Amino acid sequence: MPELPEVESVVRVLRDGVPTLVGLRIVTVNVAWDGVLSDANGDLDVAELEGCGFISVARHGKYLIFHLECPRKPSRDLIIHLRMTGRLFLVPHNEALARHTRLVLMLNNGLALRFDDPRKFGRAWLVDDAATIIGRLGPDALKLDPAEFCARLARHRRQLKPLLLDQSCVAGIGNIYADESLFRAGLHPQAISSELASDEIRRLHSAITSVLEEAVEAQGANIDGVFKAGRFAVSVYGRQGAPCRVCGSEIRKIRVGQRGTHYCPECQVLSPGDVPHPET
DNA sequence: CACTCTACCTGTGCGC
DNA sequence: TGCGCACAGGTAGAGT
């Protein structure tokens, strides 16, 4: 389940690894599953990718941004979203396709950039300007200015959990790190954004920042028996029924905005003004 | 505007 | 053992 820290790990490998993708050129493209290219924003024209060179590898929220120099246009941006189960890596040119390989970009150094995705949720776009795709997103969760974060919370009267997952508010937080950030901030997932006190907002901001920075450092989350990309140890996500690491209370799982939500009933108390839904 | 539902997918893990 | 099914997740789009 790639969220911001997992996507950042991919960026660092492709940008800073040996070999780096930067400076390499796409020779041919192999589309193993058509659906990876089609989307409401238009289909990717494979022929336009051939001959393009990688200028930079970056990220905004969970979107990967490959800035390209192209034969027929000054520049283009290849955008890839890994969604739930997508993986991106460099392999030797002749490496056999895996069962879940969706897209292969053959490169001019004997390697290939391969996109594997069992659940077919991941997508790729080729656009003149990355803003076409990421323009609607809020600021990246790792570059979140406290004052702007405060303004964005105040602007809506919404439950914190769905608001944190809304990529147009803040980009990069998914279900795991939303739960982890709210736990660290000591805030209930159903607390109302516009009703937070300023110290609560500060706590949430620093919780998001520290959780994500630690997770980037650990190269992603490590969730018991499910997801083991990195070493970040979760406190609440998937730990329903287990004791809270802080107070020993039993971690609960409820549904908030259709999403599984994990929290500690002792550490994350709803303030009197907020009305919780009686959910299980 | 805030929320809910549905669609998109398939591997996993449960109950029977 | 094997079958069926609910479930997980991020996002877009439609509907309330």
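Each chain gets a letter, A, B and so on, in the order its sequence line appears, and its residues count up from 1. Source: prediction; values computed, not measured. Atom set for the values below is all heavy atoms of this structure, side chains included, hydrogens, waters and symmetry mates excluded.
In this structure, CG of A:Leu164 is placed 17 Å from C1' of C:dT11, rounded to the nearest angstrom. C:dA12 atom P lies 9 Å from atom CD of A:Gln167, rounded to whole Å. Summarising the geometry, the separation between CG on A:Leu82 and P on C:dT11 is reported as 11 Å, rounded to the nearest angstrom. Atoms CG (A:Asp34) and C1' (B:dC8) sit 16 Å apart, rounded to a whole Å. Summarising the geometry, the separation between CZ on A:Arg83 and C1' on B:dC8 is reported as 9 Å, rounded to the nearest angstrom. For A:Arg239 and C:dA8, the CZ to P distance is 18 Å, given to the nearest whole Å. Rounded to an integer number of Å, the gap from CZ of A:Phe121 to C1' of B:dT10 is 9 Å. Nucleotide C:dA12 holds its P atom 13 Å from the CD1 atom of A:Ile79, rounded to whole Å.
Within the 4.5 Å cutoff, no side-chain heavy atoms of A:Leu113 are placed close to those of A:Val104. The closest side-chain heavy-atom distance from A:His100 to A:Thr85 is not below 4.5 Å. When side chains are defined from C-beta on, A:Ile79 does not count as touching A:Thr132, because their heavy atoms never get closer than 4.5 Å. Residues A:Ser168 and A:Arg136 are not in side-chain contact: their nearest non-hydrogen atoms beyond the backbone lie 4.5 Å or more apart.
Not one side-chain nitrogen or oxygen of A:Lys62 sits closer than 4.0 Å to the OP1 or OP2 atom of C:dG9. For the pair A:His156 and B:dA2, the criterion of a side-chain N or O lying under 4.0 Å from OP1 or OP2 is met. The side chain of A:Arg255 contributes an N or O atom lying less than 4.0 Å from OP1 or OP2 of C:dA8. At C:dG9, none of the side-chain N or O atoms of A:Tyr177 fall inside 4.0 Å of OP1 or OP2 (strictly under the cut-off). Within the structure, a side-chain polar atom (N or O) of A:Gln258 is placed less than 4.0 Å from OP1 or OP2 of B:dC5. OP1 or OP2 of B:dC3 lies within a sub-4.0 Å distance of a side-chain N or O belonging to A:Arg158. Within the structure, every side-chain polar atom (N or O) of A:Lys161 is placed at least 4.0 Å from both OP1 and OP2 of B:dC3. Using a 4.0 Å cut-off, some side-chain N or O of A:Arg136 falls inside it from OP1 or OP2 of C:dA12.
Comparing the end axes of the helix from B:dA2-C:dT16 to B:dC16-C:dG2, each fitted to five base pairs by superposing C1' atoms of four pairs onto the next four, gives an inter-axis angle of 50° (nearest 10 degrees).
For A:His100, taking side-chain heavy atoms from C-beta onward, the closest of the listed nucleotides C:dA12, B:dC9, B:dG11 is B:dG11. Of the candidate nucleotides B:dG11, C:dA12, B:dC9, B:dG11 has the atom nearest to the side chain of A:Pro118. Comparing C:dA8, C:dA12, B:dC9 by their closest approach to the side chain of A:Tyr63 singles out C:dA12. Distances from the side chain of A:Lys253 to the nucleotides C:dG9, B:dC9, C:dA8 place C:dA8 closest. With B:dC9, B:dG11, C:dA8 as the choices, the nucleotide that has an atom nearest any side-chain atom of A:Arg99 turns out to be B:dG11. Among the nucleotides C:dT11, B:dC3, B:dC9, the one closest to the side chain of A:Lys120 is B:dC9. Proximity note for A:Trp33 (side chain, C-beta onward) versus B:dC3, C:dG9, B:dC9: the nearest is B:dC9.
For A:Arg119 against C:dA8, a side-chain-to-base donor-acceptor contact under 3.5 Å is present.
Checked by atom type and distance alone, the side chain of A:Arg25 pairs as donor or acceptor with a backbone atom of A:Gly51 at under 3.5 Å.
Partners of A:Gln167 by side-chain contact (heavy atoms from CB on, under 4.5 Å), not counting sequence neighbours, listed by chain and number: A:Lys62, A:Leu137, A:Ala171. In this structure A:Glu48 satisfies the salt bridge (Lys or Arg N to Asp or Glu O under 4.0 Å) test together with A:Arg76, sequence neighbours excluded.
Using cut-offs of 30° and 60° on the angle between ring planes, the pair A:Tyr63 and A:His81 is perpendicular.
Tested against A:Asn175 for a side chain to side chain donor-acceptor pair (under 3.5 Å), the candidates A:Lys161, A:Glu3, A:Glu180 yield a single pass: A:Lys161.
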